[in-house]
Amino acid sequence: MILKTLPIIADEFNLQNYDEVYKQFDWSDAERAFSWFETGKLNLAYEAIDRHANTSKKNKVALYYKDDERNEKYTFKEVQQQTNKAANVLKDVADIKKGDRVFIFMPRSPELYFALIGAIKLGAIVGPLFEAFMEGAVRDRLLDSEAKAIVTTPELLSRVPVKDLPHLQYIFLVGENIEEKDKCYDLNKRMKEADRQFDIVWVERTDGLTLHYTSGSTGKPKGVLHVHNAMIQHYQTVKWVLDMKEEDVYWCTADPGWVTGTAYGVFGPWLTGTSIVVAGGRFKPESWYKIIEEFGVTVWYSAPTAFRMLMGAGDEIVKRFDLSSLRHVLSVGEPLNPEVIRWGMKVFERRIHDTWWMTETGAQLICNYPCLEIKPGSMGKPIPGVKAAIVDDQGRELPPYRMGNLAIKKGWPAMMATIWNNQQKYDSYFLKGDWYVSGDSAYMDQDGYFWFQGRVDDVIMTSGERVGPFEVESKLVEHPAVAEAGVIGKPDPVRGEIIKAFIALRDGYEPTEQLIEDIRQFVKLGLASHAAPREIEFRDKLPKTRSGKIMRRVLKAWELDLPAGDLSSMED
Ligand code: 6R9
């Protein structure tokens with residue numbers, strides 16, 4: 001490969017010349033960054049922690065943890081010891097072996113991260129769950145995966161239906177005054193007594209790493225299995241897209257219950273030896289800005305819904321904090337409204353870089369790079385090593401500006417290995433020509449930037465015009481009264497569908513007929529008259545997933561009085 005003439009060590013990769021790198025890069029070029037490239041011994045946990053703990057990085061802070069009660073930090077050496085202890089407990093008490101499923105169901109805390117990496121050191125497959133899950137959601141996931149052990153807290157234990165889960169044999173509790181009985185063990189106590197040394201279980205690249213359940217519009221949530229091979233892409237994208245440098249302090253606001261919270265909350269940054277900040281507790285604009293100030297966060301990865309909430313909290317409060325450490329800001333999970341980017345420029349004096357990927361894709365695929373010109377509203381361009389296209393339902397590539405299925409050519413390192421117990425579902429993602437079909441609709445412009453339009457099933461057809469709900473929502477949130485908006489197509493005998501908007505107002509605004517008319521005009525003049533919502537309904541809150549996605553299918557179900565499908569991922 002021609003790459004020999006380029007700097008091939010991933011650390012030296014910057015995408016200054018994106019076009020050149022895109023043409024020449026091959027994923028095998030990224031492998032030499034790992035110690036298994038030399039030794040043949042492979043485990044993501046080793047690359048993320050032990051490798052650094054055995055070098056001069058050992059005294060570098062790996063984890064800063066803060067919530068209302070705790071404020072702690074751990075070096076790579078300390079994380080190595082804690083994760084070794086966790087691995088020893090899981091092994092000695094529960095006999096956890098390679099391939100066993102271990103779930104983690106607890107609020108963010110250092111122990112969550114120790115258990116996560118500890119389990120991976122044993123070659124176990126980890127299923128992280130949001131602490132807000134209720135009993136039904138926990139049952140579905142543990143049953144489907146036949147989980148053998150769970151790490152949780154005494155408070156959450158009542159939501160683990162132990163009697164319904166024949167495979168669940170070990171429950172590790174993290175908390176105070178734990179009584180060890182009925183399959184329950186005190187994780188902290190056992191870890192205190194455990195050995196600090198542990199021999200990592202070496203695995204194959206294709207061995208299971210995590211199991212993230214995601215909800216579709218119908219049926220039970222499906223378990224997306226990722227394997228150790230994903231580390232190649234985690235590492236490489238943290239370098240290219242997150243632009244991580246040795247001295248960076250990085251904060252990813254995502255919970256490990258969401259794929260962003262594992263891939264980019266833990267794995268990617270630790271693979272590159274970065275100090276991460278983990279903040280526990282609930283979202284509050286003041287405490288978020290305080291985190292950036294207190295830890296000197298330089299790289300910040302969050303989601304549009306959080307940025308919109310910060311924007312809604314106003315610009316005054318930003319000025320009370322010193323955010324000058326921020327160097328690079330990124331977003332994922334939902335379309336990033338141009339309005340939010342403009343706001344970011346104003347208050348942080350930084351561009352917010354959008355990134356697109358999915359639970360199933362395991363890592364970032366289409367992104368805005370530090371060196372790339374940003375077109376607000378676009379997700380950016382595919383990373384080197386990834387071919388993206390817009391295809392029709394037969395898998396034929398469409399020319400620029402045609403809306404269609406956003407598809408990726410099979411074969412990137414972090415792609416899901418399977419859907420647990422459901423090969424048929426897995427196969428249904430692929431079209432002829434080895435296209436992985438995302439379920440998102442989008443178009444590509446003449447410069448190769450991709451523009452998100454909506455989930456395929458969310459796209460609205462009104463009077464023969466195809467309208468992406470996101471475009472309308474983005475325009476709506478530019479209106480000073482609108483805090484959040486969700487847009488759906490409502491069946492209409494004349495127009496096929498009409499556009500209906502659900503809107504949450506900003507503080508200080510009252511829902512009036514006048515306001516409805518004003519908002520409608522605003523979209524009409526700012527976007528297109530066919531894109532203006534014919535119906536507007538005000539709600540205090542919109543239904544959202546825990547990762548911040550507006551659940552349009554729930555809006556639609558409300559509207560049409562239909563069953564809303566699986567709601568386990570919905571925020572309270
Ligand atoms: C990582 C993650 C995947 C779906 C995806 C798309 C939406 C994610 C986006 C985006 C527009 C972006 N999505 N990033 N839409 N612009 N930058 O979010 O995984 O929770 O599985 O969601 O999220 O619809 O198909 P996941």
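Numbering of ligands and ligand atoms starts at 1, following listing order.
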Trainee: Does a side-chain N-to-carboxylate-O contact under 4.0 Å join K556 and E559?
Mentor: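 So K556 does not pair with E559 through a salt bridge.
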
Trainee: Please determine if R342 and E478 form a salt bridge, counting it only when a charged side-chain N lies under 4.0 Å from a carboxylate O.
Mentor: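 Between E478 and R342 there is a salt bridge, with a charged N closer than 4.0 Å to a carboxylate O.
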
Trainee: Taking the six-membered ring of W435 as reference, does the NZ or CZ atom of K409 fall below 6.0 Å from its centre and within a 45° cone about the axis?
Mentor: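 Yes, a cation-pi geometry holds between K409 and W435.
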
Trainee: Using 4.0 Å as the upper bound for N to carboxylate O, is an ion pair formed by K544 and E334?
Mentor: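 Salt bridge between E334 and K544, a charged N being under 4.0 Å from a carboxylate O: no.
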
Trainee: Regarding K346 and D315, does a basic nitrogen lie under 4.0 Å from an acidic carboxylate oxygen?
Mentor: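 D315 and K346: salt-bridged.
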
Trainee: Using a 4.0 Å cut-off on heavy atoms, what residues surround ligand 1? Order them by chain and number.
Mentor: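 Within 4.0 Å of ligand 1, protein side: W258, T260, V332, G333, E334, P335, D354, T355, W356, W357, M358, T359, M379, D440, F452, R455, K549.
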
Trainee: For T359, does its backbone N or O pair with a side-chain atom of H226 as donor and acceptor, under 3.5 Å?
Mentor: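 Side chain of H226 to backbone of T359, a donor-acceptor pair under 3.5 Å: yes, one is there.
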
